[in-house]
Number of protein chains: 2
Amino acid sequence: MKDSPRPTLSDVARVAGVSTATVSRCLNEPGLVVQATRERVLRAVEELGYTPDFSGRALASRRTNTVGAVIPTMENAIFARGIQAFQEALTGAGVTLLVASSGYDPEQEAQQIQTLIGRGADGLLLIGAARPASTYDLLKRRGMPFVLAWNLGAGDDPFVGFDNADAAARITRKVLEMGHREIGMIAGVTAMNDRAADRVRGVRNALRDAGLDADALPVIEAPYSFEDGSRAFEALMQHSPRPTAVICGNDVLAVGAIKRAKAMGLAVPEDVSITGFDDIDIASFVTPALTTIHVPHRRMGTAAAQLLLQLIAGEQARRRVEIDVELRMRGSLGPAPQTTTG
Amino acid sequence: MKDSPRPTLSDVARVAGVSTATVSRCLNEPGLVVQATRERVLRAVEELGYTPDFSGRALASRRTNTVGAVIPTMENAIFARGIQAFQEALTGAGVTLLVASSGYDPEQEAQQIQTLIGRGADGLLLIGAARPASTYDLLKRRGMPFVLAWNLGAGDDPFVGFDNADAAARITRKVLEMGHREIGMIAGVTAMNDRAADRVRGVRNALRDAGLDADALPVIEAPYSFEDGSRAFEALMQHSPRPTAVICGNDVLAVGAIKRAKAMGLAVPEDVSITGFDDIDIASFVTPALTTIHVPHRRMGTAAAQLLLQLIAGEQARRRVEIDVELRMRGSLGPAPQTTTG
DNA sequence: TTTGCCAATGTAAGCGCTTACAAGGCGATT
DNA sequence: AATCGCCTTGTAAGCGCTTACATTGGCAAA
């Protein structure tokens, strides 16, 4: 195999017997080139196996048709799904996506943003709204279009998301409606994760509104895994009085909790009710199926792509897109058990 | 917010009162610049909020410290996990990752490879071994280092993977050992997916080796979702004689199958045994837990990164890395039920 | 035939950066 | 005091591409 250096525009030009400008036009504005020439050029392209060099093109044309996304991690189904839809929408518009992950670390996120800017991203997708002011400063000083997703944005920052606190409050009210008064929560790790923190806040708000003591709510934080959900559930069951309902910050924790409940000989929902959040595939597949908040992740990704493309194009657009989420009532939430004191 | 054009190297140079070469050196080889100058330059960088432009740098230096990966889809936990590890390993080496997805379409894959080459990727990660010869030609003509993952590579192509057929045969032998003779299979979609196809082949091989009629194996292909696994299971149960064991091409299908089995009033594994493949988190969380093939996806991602970096650096390296997978025996596989004819 | 215009192509100047090479300055050596 | 050599910095030539502008040729109109 010949390890040939990549052919360049001028190689093509030489082989085709035209100028580099003509080759460039052939590739970008074929209409400007007469058919015979075009064919000659394309033949040369074929023959040499020419592929345009992105750097050269970006440098000369000052645009990249590229947007970047910085997500906490790919190992979370909700991001994977949303980003996949985001990407599909972009591809449809001839734009490529650069994905970077921050591991939930704001410093790494800032670093990745720098990298993406350096790579000429025309716009950025960021997750959630909580990040240092310095990061927002950077973005705005650069005039870099960006869209926040998976949460509401502060100020007038453009976003495509939903109110996590409000949704958490909604599911909490449902739990209360079912007669539960001893409630516990298994939250995602809230440090550097405004979505997780907002969900805790939402639960507390709902309790307070119902005249209960929000500060008394036992909350255990757990990383995003079945196993950690299980462990947290077991710990929560040690709390006295024992919760009759456990509200989980996401479906994965909830599934872990259900599993442990069964292992502990507790019937769900007869002995203890469990709720989730996100409505990922597995939510409807566990037994009992999870009562949860349905979030249309794909739709959110698509809408985010549309908004970002509009911002980049400088078009007028509704900058604050609230996505509807809805409560999905399923088997894991039932009426509170009769207490002996009741 | 001033929508200032990005500051360039020469802006920094002007502010710091030095030449562009010195600024460049400050950023890339700080050792070559005397402390006083360095401080002055860094202050200017800070003040202007300068970020190096990737295109300019790539164009001038002929290297990008970038590798690309083309995966079928992000919406599959096994890729998400492997790629996450792949990325972490790269980041540790100061290399950035560009991810593209092909939607299991070889043409799109070739397209994405072109794009990544155009973007100056120093190397590529590709999934599986099956793709048109033209794609391999392109890669080799360019002298582009690449690593295949999630399967064995053909010829002497470098890979980090495992033998899907062999692993599938292994789990099939186990099923046979448990006394099952009426076996069915729910496979992933095999078109354009050599891993899925190899798994089917492996099952057939094992049956043949056991003196059974491999062609008689009922196989239903299903997309990667719980729901499709369920549907396929139900269809398979119409087959006569009804299978006492269902081998699934992946864990997601298997979980779907288990759920439907229960819904149909079939006990697992008493009435029907079900096996999976991949050992994703949920495999140990379903009831009964899945007997499956454990694949260390993260380890594979890390190893792939190491190999790719070595190839790029032109170092001598073992180019064919076979990853160990192992059978995880859990509750979903039990002895074949007594038949009336037995 | 001459003129004018337009379509097709060529010329060449960068885009922001790196890096050979040149130049300058200073201390050490003789 | 003269010379050398090294350390620091500057000069300038591209890297592969796009694109404003110049040039050419052909054809229609006069």
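Every chain is numbered from 1, with letters handed out A, B, ... down the list of sequences. All of these numbers come straight from a predicted model, not from anything done at the bench.
Contact check for Asn193(B) versus Tyr104(B): side-chain heavy atoms found under the 4.5 Å cut-off. Between Arg142(B) and Thr51(A), the closest side-chain pair of non-hydrogen atoms falls below 4.5 Å.
Remark on DNA chain D: of its neighbouring residues Gly31(B) and Ala58(B), the 5'-side contact belongs to Gly31(B), judged by nearest-heavy-atom nucleotide. Residue whose closest nucleotide on DNA chain C sits further toward the 5' end, between Leu59(B) and Arg63(B): Leu59(B). Toward the 5' end of DNA chain D, the nearer of the two residues Thr22(B) and Ala60(B), judged by each one's closest nucleotide, is Thr22(B).
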Check the pair Thr22(B) / Arg38(B) against side chain to side chain donor-acceptor pair (under 3.5 Å), numbers first and verdict last. CA-CA 9 Å; Thr22(B) 301; Arg38(B) 202 188 316 154; over 6 Å; no
Walk me through whether Arg57(B) and Thr64(B) qualify under side chain to side chain donor-acceptor pair (under 3.5 Å). CA-CA 8 Å; Arg57(B) 175 175 283 186; Thr64(B) 60; over 6 Å; no
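Of the options Leu139(A), Leu148(A), Leu126(A), Leu152(A), a side chain to side chain contact (heavy atoms under 4.5 Å, CB included) to Asp157(A) is made by Leu148(A) and by none of the others.
Nucleic acid contact for Thr37(B): sugar-phosphate only, since backbone atoms but no base atoms lie under 4.0 Å from a heavy atom of the residue. At a threshold of 4.0 angstrom between heavy atoms, the contacts of Phe54(A) with the nucleic acid are absent. Across all strands, Ser24(B) comes closer than 4.0 Å to base atoms (heavy-atom distances).
Between His297(A) and Trp150(A), the ring planes are parallel. Angles under 30° get that label, and only those over 60° would be called perpendicular.
Taking every nucleotide of DNA chain C with any atom under 4.0 Å from a non-hydrogen atom of chain A, the first and last of them, 5' to 3', are dA8(C) to dG16(C).
Considering only side-chain N and O atoms, Thr20(B) lies nowhere under 4.0 angstrom from the phosphate OP1 or OP2 of dG10(D).
dT8(D) atom P lies 11 Å from atom CZ of Arg25(B), rounded to whole Å.
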